[in-house]
Chemist: 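Pasting a structure below so you can have a look.
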Amino acid sequence: MDKSAETTPPDGSRSPGPRLRKSFFARSVHEVAPDLIGATFLVNGVGGIIVEVEAYDQTDPAAHSFRGPTPRNAVMFGPPGYTYVYLSYGLNWCVNFVCQAAGSAAGVLLRAIEPTHGLAAMRRRRGVTDAKALCSGPGKLCEALAITKALSELPIDRSPIALHARSGGAEIATGVRIGLTKAVDLPWRYELKGSKYLSKRF
DNA sequence: CTCTTGATCTTCT
DNA sequence: GAAGATCAAGAGC
């Protein structure tokens, strides 16, 4: 009764899979990024299904790690399975998961989430009511989940963070990354095809 | 609907 | 001193 490849719901009706461990991130960022689409990400019980991410690696002129370690990006040069949170344009926090291996400095940027847990808290923090506006961007989702520098450099397999694998399959689309001035043509953005909760309408 | 602009401040050169 | 992995509001069509 469930061979509906074409009537697959945007997501949210599927139950989360097993909890992810740090080892999930110990491989190429270009394998991890698409596998994160459909995963469930919660901070203190608030969050939802990851529907859009972008990959960055050390060979990438757009990556924060491209020019080598600095105090800000140091965690990217450490072991995989940790958060890297930074302040964008002086206003918005953005969160990444460190991938690959110590020294390789690759990460996945979370760009959009389909809200499923703690909608009331998200609406309060964001000051908007439309579910499609709560987590449809890297800065928005951090505000909705109350992610700040205090959540940086934390392991992804321990409270207050919970990450669960996608349980079934997912139809994934790719595209160029958003908001960059360098390496603008690399197709390293991944999204859940047809989701109504992406950072833009494509 | 699309396009443009201002806010705001940390980081690195 | 300039740039930046963004967002929201306002103008124009």
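All chains are named by letter (A, B, ...) in the order of the sequence lines, taking the proteins before the strands, and each is independently numbered beginning at 1.
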Chemist: Just how far, in rounded Å, is C1' of B:dT10 from CG of A:L91?
Modeler: 11 Å
Chemist: Can you tell me if the side-chain N/O atoms of A:T181 get under 4.0 Å from OP1 or OP2 in C:dA3?
Modeler: no
Chemist: Nearest heavy-atom pair of A:V75 and A:T83: which atoms, and what distance?
Modeler: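 Minimum heavy-atom contact is CG2-O, 3.8 Å.
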Chemist: Applying a 4.0 Å non-hydrogen cut-off, can you work out what A:R177 is touching in the nucleic acid: base, sugar-phosphate, or nothing?
Modeler: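 No contact.
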Chemist: Could you check which of C:dT6, C:dG4, B:dC12 has an atom nearest any side-chain atom of A:K182?
Modeler: C:dG4
Chemist: Ring of A:Y89 versus six-membered ring of B:dA7: centres under 5.5 Å and planes under 30°?
Modeler: no
Chemist: What integer distance in Å separates A:E54:CD from C:dG4:P?
Modeler: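 It is 15 Å, rounded to the nearest whole Å.
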Chemist: Looking at OG1 of A:T40 and NE2 of A:H117, how far apart are the two atoms once the value is rounded to the nearest 0.5 Å?
Modeler: 7.0 Å
Chemist: Is it possible for you to check whether A:R27 lies under 6.0 Å from the centre of the six-membered ring of A:F24, through NZ or CZ, and within 45° of that ring's axis?
Modeler: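 The answer is yes; both the distance and angle limits are met.
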Chemist: If you compare every side-chain N and O of A:R67 against the phosphate oxygens of C:dG4 (OP1, OP2), does one of them come in below 4.0 Å?
Modeler: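 No.
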Chemist: I want to check one thing: is the phosphate of C:dA8, taken as OP1 and OP2, less than 4.0 Å away from some side-chain N or O of A:K140?
Modeler: yes
Chemist: Starting at CD1 of A:I178 and ending at P of C:dA5, how long is that distance when rounded to a whole Å?
Modeler: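 The answer, rounded to whole Å, is 14 Å.
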Chemist: Using whole Å, report how far CD of A:E52 lies from P of C:dT6.
Modeler: 11 Å
Chemist: Show, in sequence, the C-alpha distance, side-chain angles and deciding distance for A:R125 and A:E143, and conclude whether the salt bridge (charged side-chain N to carboxylate O under 4.0 Å, His left out) test is met.
Modeler: CA-CA 7 Å; A:R125 291 163 178 165; A:E143 185 172 40; over 6 Å; no
Chemist: Without decimals, in angstroms, what is the distance between A:F66 CZ and B:dT11 C1'?
Modeler: 17 Å
Chemist: Can you check the A:R126 CZ to C:dA8 C1' distance for me, whole Å?
Modeler: 10 Å
Chemist: Below 4.0 angstrom from OP1 or OP2 of C:dT6, is there any side-chain N or O of A:R111?
Modeler: yes
